[in-house]
Amino acid sequence: MSKVFIILQANEETRSIVEAIEQDNPDAEVVHEPAMVKVQAEGHLVMRRETIEEEIGREFDMQELNINLITLSGNVDEDEDALTLTWNS
């Protein structure tokens, strides 16, 4: 199975978002690079609005991910509560 990933700009805004992604995906690997953070996992990665809101301490619209998004890889399933990346096998 292939890895799916999301890469975000590394800044104050995304620090809490990455922490929320780690909570929802305990097997995910986080790679910190200058100016970007890559979160990758084998086959499946989910970003939940509720977890992000808990981390940032305010309401969060999932479309806000696009502000700091560099790229992603995988099949995207998105609604107002979550963004899920998967590879169909």
Notebook entry, point to check: Is it true that a side-chain atom of Glu53 and a backbone atom of Phe60 form a donor plus acceptor pair closer than 3.5 Å?
Noted result: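 Yes, Glu53 side chain to Phe60 backbone: donor-acceptor pair under 3.5 Å.
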Check: Any donor-acceptor pair under 3.5 Å linking the side chain of Asp79 with the backbone of Ala82?
Finding: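 Yes; at least one donor-acceptor contact below 3.5 Å.
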Side-chain heavy-atom pair [X], [Y] within 4.5 angstrom cut-off:
{"X": "Thr86", "Y": "Asp77", "answer": "no"}
{"X": "Leu83", "Y": "Val76", "answer": "yes"}
{"X": "Leu85", "Y": "Met47", "answer": "yes"}
{"X": "Ser16", "Y": "Ile56", "answer": "yes"}
{"X": "Glu78", "Y": "Thr84", "answer": "no"}

Next item on the list: Mind running side chain to side chain donor-acceptor pair (under 3.5 Å) on Glu55 and Gln23 for me, showing each step along the way?
Entry: CA-CA 10 Å; Glu55 282 297 316; Gln23 285 181 37; 2.4 Å; yes
Notebook entry, point to check: Can you name the closest pair of heavy atoms from Ala28 and Leu45 and give their distance?
Noted result: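 Answer, listing the atom of Ala28 first, then Leu45: CB-CD1, 4.1 Å.
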Do [X] and [Y] share a hydrophobic cluster, counting only Ile, Leu, Val, Met, Phe, Trp and Tyr and linking them when any side-chain heavy atoms are less than 4.5 Å apart?
{"X": "Met36", "Y": "Ile17", "answer": "no"}
{"X": "Val37", "Y": "Leu69", "answer": "yes"}
{"X": "Val30", "Y": "Phe5", "answer": "no"}
{"X": "Ile7", "Y": "Leu72", "answer": "no"}

Next item on the list: Sort and list the pairs that fulfil salt bridge (Lys or Arg N to Asp or Glu O under 4.0 Å) and have at least one residue in residues 8-19, not counting sequence neighbours.
Entry: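 Every pair satisfying salt bridge (Lys or Arg N to Asp or Glu O under 4.0 Å) with a residue in residues 8-19: Glu12-Arg15.
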Margin query: With salt bridge (Lys or Arg N to Asp or Glu O under 4.0 Å) as the rule and sequence neighbours excluded, what pairs involving residues 22-34 come up?
Written below: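 Checked against salt bridge (Lys or Arg N to Asp or Glu O under 4.0 Å) - neighbours excluded - the pairs reaching residues 22-34 are Lys3-Glu29, Asp24-Arg48.
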Checklist line | Residues forming a side chain to side chain donor-acceptor pair (under 3.5 Å) with Glu50, sequence neighbours excluded | finding: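 So Glu50 forms no side chain to side chain donor-acceptor pair (under 3.5 Å) with any residue.
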Next item on the list: Linking directly or through intermediates, with side-chain heavy atoms under 4.5 Å: list the remaining ILVMFWY members grouped with Val46, chain and number order.
Entry: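 Members alongside Val46: none; it stands by itself.
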Next item on the list: List, by chain and number, the other hydrophobic cluster members for Ile67, where Ile, Leu, Val, Met, Phe, Trp and Tyr join if side-chain heavy atoms come within less than 4.5 Å, directly or indirectly.
Entry: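 Grouped by the 4.5 Å side-chain rule, Ile67 forms a cluster of one, so the answer is none.
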Next item on the list: Given side-chain contact (heavy atoms from CB on, under 4.5 Å), test Gln40 with Val31 step by step and report yes or no.
Entry: CA-CA 8 Å; Gln40 60 187 5; Val31 180; 4.2 Å; yes
Note to self: So, taking the atom named CD1 in Ile6 and the one named CG in Asn25, what distance separates them when rounded to the nearest 0.5 Å?
What the structure shows: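 Output value for this atom pair is 10.5 Å.
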Check: How would you list, by chain and number, every residue that makes a salt bridge (Lys or Arg N to Asp or Glu O under 4.0 Å) with Asp81, sequence neighbours excluded?
Finding: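 Once residues adjacent in sequence are excluded, the partners of Asp81 under the salt bridge (Lys or Arg N to Asp or Glu O under 4.0 Å) criterion are Arg49.
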